[in-house]
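None of the values given here were measured: they were computed from a predicted structure. In what follows, every chain begins at residue 1, and chains take the letters A, B, ... in the order their sequences are listed.
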There are 2 protein chains.
Amino acid sequence: MPERMRIPKPTARRLSLYLRELNDSIQAGRVRISSKLLGDALGLTDAQVRKDLACFGQFGQPGVGYRAADLCARIRHIMGRDHGWNMALVGVGNIGRAILAYHRFQDDGFQIVSAFDQSPQIVGQTISGQKVLPMEMLPQEVRTREIRIGVIATPAETAQEVADRLVDAGVEGILNFAPRRLNMPPQVSVGTVDLTVALEQLAFEISIVRGRGTTEVGAKTC
Amino acid sequence: MPERMRIPKPTARRLSLYLRELNDSIQAGRVRISSKLLGDALGLTDAQVRKDLACFGQFGQPGVGYRAADLCARIRHIMGRDHGWNMALVGVGNIGRAILAYHRFQDDGFQIVSAFDQSPQIVGQTISGQKVLPMEMLPQEVRTREIRIGVIATPAETAQEVADRLVDAGVEGILNFAPRRLNMPPQVSVGTVDLTVALEQLAFEISIVRGRGTTEVGAKTC
DNA sequence: CTTTGTGAAATTATTCACAGCA
DNA sequence: TGCTGTGAATAATTTCACAAAG
């Protein structure tokens with residue numbers, strides 16, 4: 001078997017789903033699991049699951065399936081989930097507060113260890129156990145607390161500036177909740193959670209499902 | 001030019017981004033806009049932008065570009081954004097409260113008009129101006145308030161059941177914040193916002209960018 | 001008989017490149 | 001010249017289908 005390869009982006013997205021389903025299955029007492037079973041639970045074909053897993057080597061047994069615990073540990077390691085990730089939150093408004101209060105993150109090994117806000121009214125308050133710090137302390141906090149991920153929960157207008165400051169401070173990745181595309185150097189990874197986009201996509205799908213199968217102007221078969 | 005066609009899923013995702021950028025550009029006083037300009041702002045090629053827009057007919061002028069206001073109106077209509085969408089929120093915990101407080105939704109034409117919770121402790125409270133109702137009132141509210149979208153912000157365990165009740169009540173689409181795949185009839189559209197998946201993808205990308213370009217076991221060139 | 005791993009085929013999406021219009 | 005619309009080429013992803021292994 002060859003050695004180096006590139007993981008398709010869709011595969012990377014699904015990895016997270018495999019991990020969750022695997023955890024649930026193990027919790028439920030399952031010891032072995034087949035690509036069919038995994039796929040059915042997630043709405044994927046068995047072939048898809050096998051192709052995805054094959055990216056990381058071969059640890060299934062023909063005729064038997066995968067050992068759930070092994071597979072799970074393997075994927076956890078691949079995804080860097082076998083250790084914790086310290087995160088800094090910037091922007092303690094509505095969304096920021098929800099993120100601070102959302103303890104599932106902690107359970108999953110992602111911990112917000114520092115929170116920042118630009119507003120003097122908010123700095124100094126303690127919210128969900130986090131004392132909100134002024135932006136000036138960002139570089140120092142990233143260094144001393146080994147923060148690797150920045151979470152942006154500011155309005156769109158300040159998102160790019162905050163992102164730049166996070167990168168300067170040394171984070172390796174950014175999770176962006178602001179409805180704005182971030183311009184970042186390629187060595188910094190960016191993930192986006194955009195509620196408006198999610199809603200608009202949904203509205204679009206609904207509009208298509210019902211009534212006009214397309215637009216009324218008509219266009220070619222793309 | 002032919003008449004019916006199917007919109008590629010990636011195109012549907014980008015439509016939302018075009019709309020936002022177009023709004024910003026118009027706000028900034030721009031009257032005409034080219035595929036190059038739009039693409040640069042969003043990190044896409046000009047060809048990509050043109051191909052996407054071509055799905056809905058042709059309204060660009062060679063040598064000139066698109067009339068920003070026209071294009072914007074066109075996309076708004078296509079996406080069903082030329083009218084409001086009434087939504088029901090189910091689950092008024094951390095995430096639910098954040099969604100209620102997130103007034104950007106309202107600005108964008110998506111309005112939460114009813115909120116529900118299973119817990120007797122929460123039912124009856126007024127949160128961000130919404131009186132929380134018991135689940136029993138769901139069908140009636142969906143009917144009388146013309147609710148078309150259900151937003152699920154419950155724990156994973158109850159998400160499927162809530163989804164079923166929303167569908168029974170008559171919603172056409174569901175926005176799911178619970179970390180669980182929903183099994184739905186095909187005529188109901190589902191959008192998912194999954195924070196853990198977003199974070200894990202980010203962690204995965206970071207792990208790959210630095211150090212090992214792949215896993216140490218090595219696999220084939222997928 | 002079941003299920004993996006995987007080439008080969010099919011499908012889907014993106015980029016190229018250029019004719020034609022302003 | 002600048003820019004759209006689009007067929008043709010390319011690239012990426014998924015599905016098929018089957019040999020080999022338990």
Side-chain angles (χ1 to χ4, degrees), chain A residues 1-15 17-18 22 25 30-68 70-71 74-75 201 215 217-222, chain B residues 1-15 17-18 22 25 30-68 70-71 74-75 201 215 217-222:
Chain A
M1 288 77 211
E3 18 200 298
R4 288 281 128 134
M5 64 141 187
R6 186 195 75 74
I7 287 102
K9 224 183 302 192
T11 296
R13 266 207 308 284
R14 287 187 295 261
L15 232 38
L17 303 179
Y18 295 147
L22 240 17
S25 293
R30 185 174 291 286
V31 174
R32 294 180 181 284
I33 193 162
S34 69
S35 54
K36 183 79 173 45
L37 229 44
L38 249 179
D40 284 351
L42 296 168
L44 306 168
T45 65
D46 55 336
Q48 178 82 85
V49 173
R50 289 198 301 277
K51 260 280 188 328
D52 283 344
L53 298 181
C55 290
F56 306 103
Q58 28 191 103
F59 26 61
Q61 297 171 273
V64 179
Y66 302 87
R67 287 217 312 253
D70 276 11
L71 184 52
R74 202 63 217 298
I75 298 180
Q201 277 200 130
T215 34
V217 167
K220 54 174 29 173
T221 320
C222 240
Chain B
M1 285 74 212
E3 16 198 301
R4 290 281 127 135
M5 66 142 184
R6 184 192 79 73
I7 288 100
K9 225 183 301 198
T11 296
R13 265 207 308 282
R14 287 186 295 259
L15 232 38
L17 302 178
Y18 296 148
L22 239 16
S25 292
R30 186 173 290 287
V31 173
R32 295 180 178 285
I33 193 162
S34 69
S35 55
K36 182 78 172 43
L37 229 43
L38 250 178
D40 284 352
L42 297 168
L44 306 168
T45 65
D46 54 336
Q48 178 83 85
V49 173
R50 289 199 301 278
K51 259 280 181 349
D52 284 344
L53 298 181
C55 290
F56 306 104
Q58 28 189 102
F59 26 62
Q61 295 172 274
V64 179
Y66 302 87
R67 288 218 310 257
D70 276 11
L71 184 53
R74 202 64 216 298
I75 297 180
Q201 277 197 136
T215 32
V217 166
K220 58 173 29 175
T221 320
C222 242

Contacts of A/K9 that satisfy side-chain contact (heavy atoms from CB on, under 4.5 Å) - sequence neighbours left out: none
Do A/Y18 and A/L44 pass the side-chain contact (heavy atoms from CB on, under 4.5 Å) test, and can you show the C-alpha distance, the side-chain angles, and the key distance before you say yes or no? CA-CA 11 Å; A/Y18 295 147; A/L44 306 168; 3.7 Å; yes
At less than 4.0 Å, is any side-chain N or O atom of A/S35 found next to OP1 or OP2 of C/dT3? Yes or no. no
Can a side chain N or O of A/R50 be found less than 4.0 Å away from OP1 or OP2 on C/dG5? no
To the nearest Å, give me how far apart [atom1] ([X]) and [atom2] ([N]) are.
X: A/K36; N: D/dT15; atom1: NZ; atom2: C1'; value: 15 Å
X: A/L37; N: C/dT2; atom1: CG; atom2: P; value: 14 Å
X: A/L71; N: C/dT3; atom1: CG; atom2: C1'; value: 14 Å
X: A/R74; N: C/dT4; atom1: CZ; atom2: C1'; value: 16 Å
X: A/D46; N: C/dT2; atom1: CG; atom2: P; value: 13 Å
X: A/I33; N: C/dT4; atom1: CD1; atom2: C1'; value: 14 Å
X: B/L53; N: C/dT14; atom1: CG; atom2: P; value: 13 Å
X: B/D40; N: D/dC3; atom1: CG; atom2: P; value: 11 Å

side-chain contact (heavy atoms from CB on, under 4.5 Å), that's the test. Do B/L42 and B/R14 meet it? Break it down for me. CA-CA 9 Å; B/L42 297 168; B/R14 287 186 295 259; over 6 Å; no
Enumerate the protein-to-nucleotides 8-13 of chain C contacts in which both atoms are nitrogen or oxygen and the separation is below 3.5 Å.
from	atom 1	to	atom 2	distance (Å)
C/dA13	OP2	B/R6	NH2	3.0

Name every residue in residues 60-67 of chain A that has at least one heavy atom under 4.0 Å from any atom of DNA chain C, in order of residue number, or write none if there are no such residues. A/G60, A/Q61, A/P62, A/G63, A/V64, A/G65, A/Y66
Which heavy-atom pair separates A/R30 from A/A68 by the least distance, and what is that distance? O-CB, 4.0 Å
A/R67 atom CZ: more than 12 heavy-atom contacts under 6.0 Å: no
Identified side chain to side chain contact (heavy atoms under 4.5 Å, CB included) partner of B/F56 from the options B/I7, B/L71, B/I75: B/I7
Return whichever of B/S34 or A/A47 has its heavy-atom-nearest nucleotide of DNA chain D closer to the 5' end. B/S34
Do B/R74 and B/D70 sit within salt-bridge range, that is, some charged N less than 4.0 Å from a carboxylate O? no
